[in-house]
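Following: one structure in structure tokens, then a few remarks.
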Amino acid sequence: MATAEVENREWYVASYAPTGVPNSDHLKLRTVTLSLRAECIPDHHVAFQILYVSIDPYMRTQLSGLDDGLSLPQIPLGQVIRALGIGKVVRSKDAKFSEGEILMSRFCPVSEFGVLPSNLLQKINPDDEVALPDYLSSLGMPGITAWVGIEKIGNAKEGSNVYISAAAGGVGIIAGQLAKVKGCRVVGSVGSDHKVKLLKEEYGYDEAFNYRIETDYDAALAKYFPNGIDVYFDNVGGKMLEAVLNHVNHGARIALCGMISEYNKVWTEREGVRNLLNIVGKEVVMKGFMVGSYYNHFEEFIKEMEVHLKEGKIKSKYKIYNGIESFLESLTSLFTSSNVGKVILQVTP
């Protein structure tokens, strides 16, 4: 790209949203002029055009202005929102990166162009058998999150009874497939009959149920787990976690990945779990985790996941929103049960 300057549209935090779903009062799009001239880019930095941005529920917790829950730093007011993204190098001041190469960063600005230090960038060598969005899905943060929960924390074994909540989401849809690869019996809960059908017919789940229809979670889990639950991959928290604790087997393992049912509330309004004593009696291991703490396993994960993808044992599923202007719509969609699979913003066609 020979252009010396670009008009760069970027999303920033105008005000915090302590409760509810963030809207256009909180997150705004602005246009800034960005110079791509070599002399304007610092040494050991790379300028890139952003192709895809990963849209994830944890982002909500950085927009509340509260030090709470996931303990992720709040994005300062007026600052650009950052996320996991994929870009194409347009100018490099680092010998390790060349124009036209594809890169990924966990610090990608939600914008059309970005400039970052090269030590925050990772080169991708696209594989003909792997689509670029897969690097934000099965081979990206959702994939390693699912892998850590099932493999490292859940320790799922052949014959284990595994339950996944938010099972058609970006993480859940991969977690269930990983458990099936291991020979587990897998049940998922989702927010629509369409998703129930999808999980059973396309993604190999043994059973799935619509929690909006089967609203007595205790009864639903008794029905779908007559032999109890060995591994629970928790994406929702609240009342569902409480119901699970009534059906866990001795020595069950619970991976606490997220609690999307509680993200839009201050902590005093959230659902309490009243039966924690079951954890003691059943000697349950319940562990919360932040996937960043497991990036030392990334190579092991990639090696395993690439094989599963190429053998067709795991399929990616994503919902693509198009254009930088669609960021707010894509983010709020995470809280509506409208999507199946990983939500991705395609910034540049």
Side-chain angles (χ1 to χ4, degrees), residues 1 6 8-13 27 32 34-36 40-59 61-63 70 72-76 79-127 130-145 170-171 290-299 301-302 305 316 318 320-321 323-324 326-327 330-331 342-349:
M1 178 178 286
V6 290
N8 183 33
R9 290 182 294 169
E10 60 182 24
W11 284 89
Y12 71 100
V13 182
L27 310 180
V32 296
L34 179 67
S35 176
L36 299 177
C40 295
I41 296 169
D43 287 342
H44 308 295
H45 281 60
V46 176
F48 54 98
Q49 183 174 29
I50 292 147
L51 306 176
Y52 296 97
V53 172
S54 177
I55 308 297
D56 297 289
Y58 80 84
M59 297 166 79
T61 68
Q62 296 186 285
L63 305 169
L70 297 184
L72 291 168
Q74 296 301 298
I75 299 169
Q79 292 291 307
V80 175
I81 299 163
R82 293 186 182 273
L84 180 66
I86 291 174
K88 187 181 206 177
V89 177
V90 294
R91 195 174 292 277
S92 174
K93 294 288 283 288
D94 188 298
K96 293 192 294 289
F97 292 89
S98 303
E99 190 174 325
E101 288 185 327
I102 304 296
L103 53 79
M104 183 162 65
S105 176
R106 285 188 279 158
F107 302 93
C108 182
V110 181
S111 60
E112 293 172 300
F113 293 86
V115 177
L116 282 176
S118 56
N119 63 350
L120 299 181
L121 305 172
Q122 174 189 342
K123 199 181 294 187
I124 293 176
N125 296 310
D127 185 316
V130 180
L132 272 184
D134 279 343
Y135 291 95
L136 300 181
S137 179
S138 302
L139 295 172
M141 199 186 317
I144 191 172
T145 303
V171 173
M290 297 291 282
V291 73
S293 300
Y294 290 83
Y295 271 105
N296 57 317
H297 294 283
F298 200 77
E299 282 186 23
F301 152 72
I302 286 286
M305 185 61 84
S316 288
Y318 25 83
I320 304 260
Y321 287 80
I324 190 68
S326 300
F327 168 70
S330 67
L331 180 66
K342 179 77 190 77
V343 176
I344 294 173
L345 181 68
Q346 183 167 6
V347 179
T348 307

Expected output: side-chain [X] to main-chain [Y] donor-acceptor under 3.5 Å:
| X | Y | answer |
| --- | --- | --- |
| N8 | E112 | yes |
| D56 | Y58 | no |
| K342 | I55 | yes |
| Q122 | M104 | no |
| S92 | S98 | no |

Would you say that [X] contacts [Y] through its side chain, given a criterion of any heavy-atom pair below 4.5 Å between the two side chains?
| X | Y | answer |
| --- | --- | --- |
| Y318 | L136 | no |
| V53 | F327 | no |
| V90 | V6 | no |

Between [atom1] of [X] and [atom2] of [Y], what distance do you get to the nearest 0.5 Å?
| X | Y | atom1 | atom2 | value |
| --- | --- | --- | --- | --- |
| Q74 | Q79 | CD | CD | 13.5 Å |
| R106 | S54 | CZ | OG | 12.5 Å |
| W11 | I75 | CH2 | CD1 | 13.0 Å |
| R9 | L34 | CZ | CG | 14.0 Å |
| Q62 | R82 | CD | CZ | 11.5 Å |
| I102 | Q49 | CD1 | CD | 9.5 Å |

Taking only residues two or more places apart in sequence or in another chain, which ones pass ring-ring contact (aromatic ring centres under 6.0 Å, His included) with Y295?
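Applying ring-ring contact (aromatic ring centres under 6.0 Å, His included) to Y295 gives F298.
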I'd like to check the ring-ring contact (aromatic ring centres under 6.0 Å, His included) partners of F48; sequence neighbours left out, ordered by chain and number.
none
For [X] and [Y], which heavy atoms make the closest approach, and how far apart are they?
| X | Y | value |
| --- | --- | --- |
| S111 | V347 | O-CG1, 3.7 Å |
| S137 | P142 | O-CD, 3.6 Å |
| I41 | L36 | CD1-O, 3.9 Å |
| L121 | S105 | CD2-CB, 3.7 Å |
| F301 | L139 | CE2-O, 3.8 Å |
| A83 | V110 | CB-CG2, 4.3 Å |

Partner residues of D134 under the salt bridge (charged side-chain N to carboxylate O under 4.0 Å, His left out) criterion, sequence neighbours left out
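Per chain and number, D134 pairs via salt bridge (charged side-chain N to carboxylate O under 4.0 Å, His left out) with no residue.
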More than 12 non-hydrogen atoms from neighbouring residues, nucleotides or ligands closer than 6.0 Å to NZ on K88, yes or no?
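Open.
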